[in-house]
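Nothing here was measured: the structure is a model prediction, and the numbers come from that model. Chain naming here is simple, since letters A, B, ... match the order of the sequence lines and numbering starts at 1 in each. Because only heavy atoms are used, hydrogens play no part in the values below, and waters and symmetry mates are left out as well, while side chains stay in.
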Amino acid sequence: MVLHRKALESQLVSVLQGCTNLKKVKEVHAHIYRNDLHQCSYVITKLIRVLTVLHVPVESYPRLVFSQVQNPINPFLWTALVRGYALKGPLSEAFRLYASMRTEGIGPVSFMFSALFTACGAARDATLGAQVHAQTVLVGGFESDLYVNNTMINMYVKCGSLHCARKVFDEMSERDVVSWTELIVAYAKTGDMGSAQELFDGLNVKDMVAWTAMVTGYAQNAMPKKALEFFERLQNEGMEADEVTLIGAISACAQLGASKYANWIRDIAENSRFEPAKSVLVGSALIDMYSKCGNVEEAHNVFARMKQRNVFSYSSMIAGFAMHGRAHAAIELFYEMLKTETKPNHVTFLGVLTACTHAGMVEQGQRVFETMEKCYGVAPTADHYACMADLLGRAGHLEKALQLVQTMPMEPNGGVWGALLGASHIHKNPDVAEVASSHLFDLEPDNIGNYLLLSNTYASAGRWDDVSRVRKLIKEKNLRKNPGCSWVEAKNGMVHEFFADDATHPEIGEIKKALDDLMERLKGIGYQPNLSSVPYDIGDEEKKRLLMAHSEKLALAYGLLGTDPGSTIKIMKNLRICEDCHIVMCGASKITGRKIVVRDNMRFHHFLNGACSCSNFW
DNA sequence: CTAGGGTTAG
């Protein structure tokens, strides 16, 4: 009889574990009653845990179940409830439960402290966390408990008290790989990869999670080459990369933006247990990567092959279409998404709105903006207002854009004023540019781009006195111009880099000659240098010379020389492509019959047969 | 039971 009961208990627990919805749980609960097991702490603890995971408010169902236990002396039972409050709050209730448990004469246990630390961490309450910390010391016997100390480190990290976390770590008598990894991640998140690396080097037995923390850390801190180095080292150690590791590496490849790396990691992913068609995470990461590498077709291939899609997959694909100027595809996909179970979130709407912006679809964008809260329950953030300011402003409705910014329900951020400044620059409106930049100089005093946009807007209006006033400001602030830089992929996947007026490339002679030839042929079809692209008060000949030295033109010339005639020329630039270069790219695609893709710091331009996917709207 | 996670705008 006893044996039978035990078997039934563990059977019910495992059934509970597999419950994915409330209805099933309720069925099992009825079964528990029928078998007279509603006093069994083991089963009831599991029941409470499952309910919490399914986001049932602790106050309702779980508490009811708990209260039906006549003599709750099992600390696991109490802790299950406390963990529920740890996830959703309120924090005070978690502590009230802990106090009641002690009054019931139940001694403190390590996992109860862990639950309390989790609660403090989730509430970002370091003060309360420190009180629990003091409790563990006061009660005694927990100072050397590895598990308690690890959750304590985690709590301090979540609260942003890295120093306290480090102190706990330094004073621990025994540490395991979890303790180390927690700190490594904490340093990585603050951008301190030096300390992260130092800790990692001191770690004797490194497991896959620790390695992955380094891959992800370097990827998140914009050091993609380092991230990939660690990814390869991890594999050389004989460890199998899992989903999380792959995502870190894929994100690093996305940052590099080169097809060589993209195809390399794609291969690894396809041959892993987490192939993109089956893993939503890996699939979504690949969509983003291919979009950022200029290959939106391949991004869509991955998307189409995925067996399951979630809000990340859809949002990434929509944003991918948007940055490649495929606005209609983006919006179509958005409506397709609305027919599924997947609900759009704030990121989805950013993608849809940028798609409208990049295609100049003002009315469509306004409609989406107006309905996002009403119909889909997603309240616009300042970023969405930035998109709207961009949408209206670029389309030439500067007054409307300004009005929107001045009446928006939250404080405009740098993105909002920046969009307005960008639009003022395009439409050569120094008055609106002045309003926008006065805010930007407060919000982002060191962002040189804003000063340059204002100064260039003055230049386009011929207000040279104002130009030199802004120039002086830049000098006083000791700000340095970001040198323009372009890369182009050669045949073998090698990436060649060019700065403006750069003569360091070994084949610079041929490159210059190829550029001259191209210019001659362009002139034949009516090209004239766009002198207004040069914001300096200098002679026309000097302007022409500066234009010809732009890094993207050098990269284009090298692309013509160094790649197969049938292939796409892929150029990347760290700044926004200038108008003259844009015209030249259009012409070059017509004359040479080559497909040219340029990624500037804003988006992708696909040049084919004399036209650009951005419809000259950028 | 505690550690590593993806989309975003000027």
Under 3.5 Å, side-chain donor or acceptor atoms of residues 177-185 of chain A against the rest of the protein: list the pairs with distances, not counting sequence neighbours.
unit_1, atom_1, unit_2, atom_2, d
S179(A), OG, N150(A), OD1, 2.8
S179(A), OG, D176(A), N, 3.0
S179(A), OG, D176(A), O, 3.1
S179(A), OG, D176(A), OD1, 2.8
T181(A), OG1, V177(A), O, 2.6

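- Distances were taken from every side-chain heavy atom of F111(A) (C-beta onward) to each of dT2(B), dC1(B), dT7(B); the shortest belongs to dC1(B).
- The side chain of V178(A) sits closest to dA3(B) out of dG10(B), dA3(B), dA9(B).
- Residue T118(A) is classed as having no contact, given no heavy-atom separation below 4.0 Å to the nucleic acid.
- Between H384(A) and dG10(B) there is no side-chain N or O to OP1 or OP2 distance below 4.0 Å.
- Under the 4.5 Å side-chain criterion, counting only non-hydrogen atoms from C-beta, Y451(A) is in contact with F441(A).
- Applying the 3.5 Å distance criterion, the base of dG10(B) shares a donor-acceptor pair with the side chain of E444(A).
- Atom CZ of F169(A) and atom P of dT2(B) are 19 Å apart (whole Å).
- Rounded to an integer number of Å, the gap from K189(A) NZ to dA3(B) P is 11 Å.
- In the model, D201(A) has a side-chain atom that pairs as donor or acceptor with a side-chain atom of Q197(A) under 3.5 Å.
- Here dA3(B) presents its C1' atom at 15 Å from CG of L162(A), a figure rounded to the nearest Å.
- Using a 4.0 Å heavy-atom cutoff across all strands shown, G217(A) reaches no nucleic acid atom at all.
- Side-chain atoms of D383(A) and base atoms of dG10(B) include no donor and acceptor less than 3.5 Å apart.
- Out of dT7(B), dG10(B), dT2(B), the shortest distance to the side chain of R394(A) is found at dG10(B).
- The side chain of F312(A) lies closest to dT7(B) when the candidates are dT7(B), dG10(B), dG4(B).
- Between the side chain of S316(A) and the base of dT7(B), no donor-acceptor pair under 3.5 Å is found.
- Aromatic ring orientation, Y376(A) versus F349(A): tilted (interplanar angle from 30° to 60°).
- Here the side chain of Y147(A) is nearest to one of dG4(B), dT8(B), dC1(B), namely dC1(B).
- Heavy atoms of I184(A) sit nowhere under 4.0 angstrom from any nucleic acid atom.
- One finds no side-chain N or O of N154(A) lying less than 4.0 angstrom from the OP1 or OP2 phosphate oxygen of dT2(B).
- D145(A) comes within 4.0 angstrom of no nucleic acid atom, judged by non-hydrogen atoms across all strands.
- Comparing dG6(B), dA3(B), dA9(B) by their closest approach to the side chain of C387(A) singles out dA9(B).
- Residue S114(A) is out of contact with every strand shown, counting any heavy-atom pair closer than 4.0 Å.
- Residue D242(A) is in base contact, counting any heavy-atom pair closer than 4.0 Å across all strands shown.
- In this entry the distance linking CE of M388(A) with P of dT8(B) reads 21 Å, nearest Å.
- A side-chain donor-acceptor contact under 3.5 Å links N345(A) and T348(A).
- Side chain of V244(A), nearest nucleotide from dG6(B), dA9(B), dG4(B): dG4(B).
- N221(A) has its CG atom 15 Å from the P atom of dG4(B), to the nearest Å.
- The closest donor-acceptor contact from the side chain of T151(A) to the backbone of Y147(A) lies under 3.5 Å.
- Among the protein residues, D207(A) comes within range of the nucleic acid bases, having at least one heavy atom under 4.0 Å from a base atom.
- Note: CE (M208(A)) to C1' (dA3(B)) measures 12 Å, nearest angstrom.
- Considering only the side chain of H358(A), dG10(B) comes nearest among dT7(B), dA3(B), dG10(B).
- Residue R603(A) contributes atom CZ, which lies 10 Å from atom P of dG10(B) at whole-angstrom precision.
- Taking the six-membered ring for Trp and thresholds of 30 and 60 degrees, H300(A) and F321(A) have ring planes inclined between 30 and 60 degrees apart.
- With rounding to whole Å, R83(A) atom CZ is found 6 Å from dT2(B) atom P.
- Between dT8(B) and K292(A), a contact under 4.0 Å exists linking OP1 or OP2 to a side-chain N or O.
- At least one side-chain nitrogen or oxygen of Q220(A) sits closer than 4.0 Å to the OP1 or OP2 atom of dG6(B).
- With distances taken from any side-chain atom of T354(A) to the nucleotides dT7(B), dA9(B), dT2(B), the minimum falls on dA9(B).
- Residue contacts shown for V280(A) include a base, since a base heavy atom lies under 4.0 Å away.
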